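Down below is the structure, laid out as structure tokens.
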Amino acid sequence: MSDNQRLYTRTDLKEDVKLSLVGEGDGMFSEPFDVEILNMSVDGVGFRCREQLLIGEVLIGNIEIWTKEKLDVMMKIIRCTEEGGGYYGYGCTFVGLESREATRIQIYQMFNPEEVK
């Protein structure tokens, strides 16, 4: 998705985190796996990892934002690209992000406009 098609602006966020896949119907989670968060917006995140995931899969985890606060997130994969070197790039949209957590992202972007894309 190009920058001019995005509904919300993105801000770079380089962080290694562990995410888990949410099981279908049974509430179970996969073993956590490593991902590299690349950017974040009020709507979702971009990340890359070595796991091959499917569009529509749901992930859960927590992400430390720029202010060092942790956000508990659930997100759905909406985009996938093969990057080469054994890595895949993903775009996800948040599912049920609480308004106070979205506000934290917006406030950071408001006071750090040079980092917003």
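As the structure is a prediction and not an experimental result, all values here were calculated from the model.
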Mind checking the CD-CG spacing from Glu57 to Leu54? Nearest 0.5 Å is all I need. 4.0 Å
Taking atom NZ of Lys14 and atom CG of Asn39, what is their separation to the nearest 0.5 Å? 7.0 Å
Is there a path of hydrophobic side-chain contacts, each under 4.5 Å between heavy atoms of I, L, V, M, F, W or Y residues, that connects Val35 with Trp66? yes
Electrostatic pair Glu69-Arg104, nearest N-O below 4.0 angstrom: yes
If you look at every heavy atom in Ile37 and Val17, which pair is closest and at what distance? CG1-CG2, 3.8 Å
Can you find a pair of side-chain heavy atoms, one from Val73 and one from Leu59, that are under 4.5 Å apart? no
Given side chains that start at C-beta, do those of Met40 and Ile105 come closer than 4.5 Å, heavy atoms only? yes
Where do Glu51 and Tyr88 come nearest, in terms of heavy atoms and distance? O-CD1, 3.5 Å
Are Val58 and Met74 close enough, and set up right, to give a side chain to side chain contact (heavy atoms under 4.5 Å, CB included), and what steps lead you there? CA-CA 7 Å; Val58 177; Met74 181 177 282; 3.5 Å; yes
Taking side chain as C-beta onward, heavy atoms only, is Leu97 less than 4.5 Å from Val95? no
Taking the side chain as every heavy atom from C-beta outward, state whether Leu21 and Phe29 have any pair of such atoms under 4.5 Å apart. no
Write down the atom of Ser30, the atom of Ser20, and the distance for their closest heavy-atom approach. O-OG, 3.3 Å
Which value, rounded to the nearest 0.5 Å, describes the distance between Glu15 atom CD and Glu64 atom CD? 5.5 Å
State the CD-OG1 distance between Glu98 and Thr103, to the nearest 0.5 angstrom. 10.5 Å
Side chains of Cys92 and Phe47 in contact at under 4.5 Å (non-hydrogen atoms): yes
With a 4.5 Å limit on heavy-atom distance, are the side chains of Thr81 and Arg79 in contact? yes
I'd like to know if the side chain of Thr93 and the backbone of Asp43 have a donor-acceptor N/O pair within less than 3.5 Å. yes
Do you reckon Tyr87 sits in the same ILVMFWY cluster as Ile77, going by side-chain contacts under 4.5 Å, direct or chained? no
Check each of Ile78, Val45, Leu53 against Tyr90 using the side-chain contact (heavy atoms from CB on, under 4.5 Å) test, and report the only one that passes. Leu53
Non-neighbouring partners of Glu36 that pass salt bridge (charged side-chain N to carboxylate O under 4.0 Å, His left out), sequence neighbours left out: Arg48
Within-4.5 Å side-chain heavy-atom neighbours: Asp34 and Leu19: no
Please check: side-chain N/O of Arg50 versus main-chain N/O of Gly85, any donor-acceptor pairing under 3.5 Å? yes
Is there a side-chain contact between Phe33 and Lys18 (heavy atoms, below 4.5 Å)? no
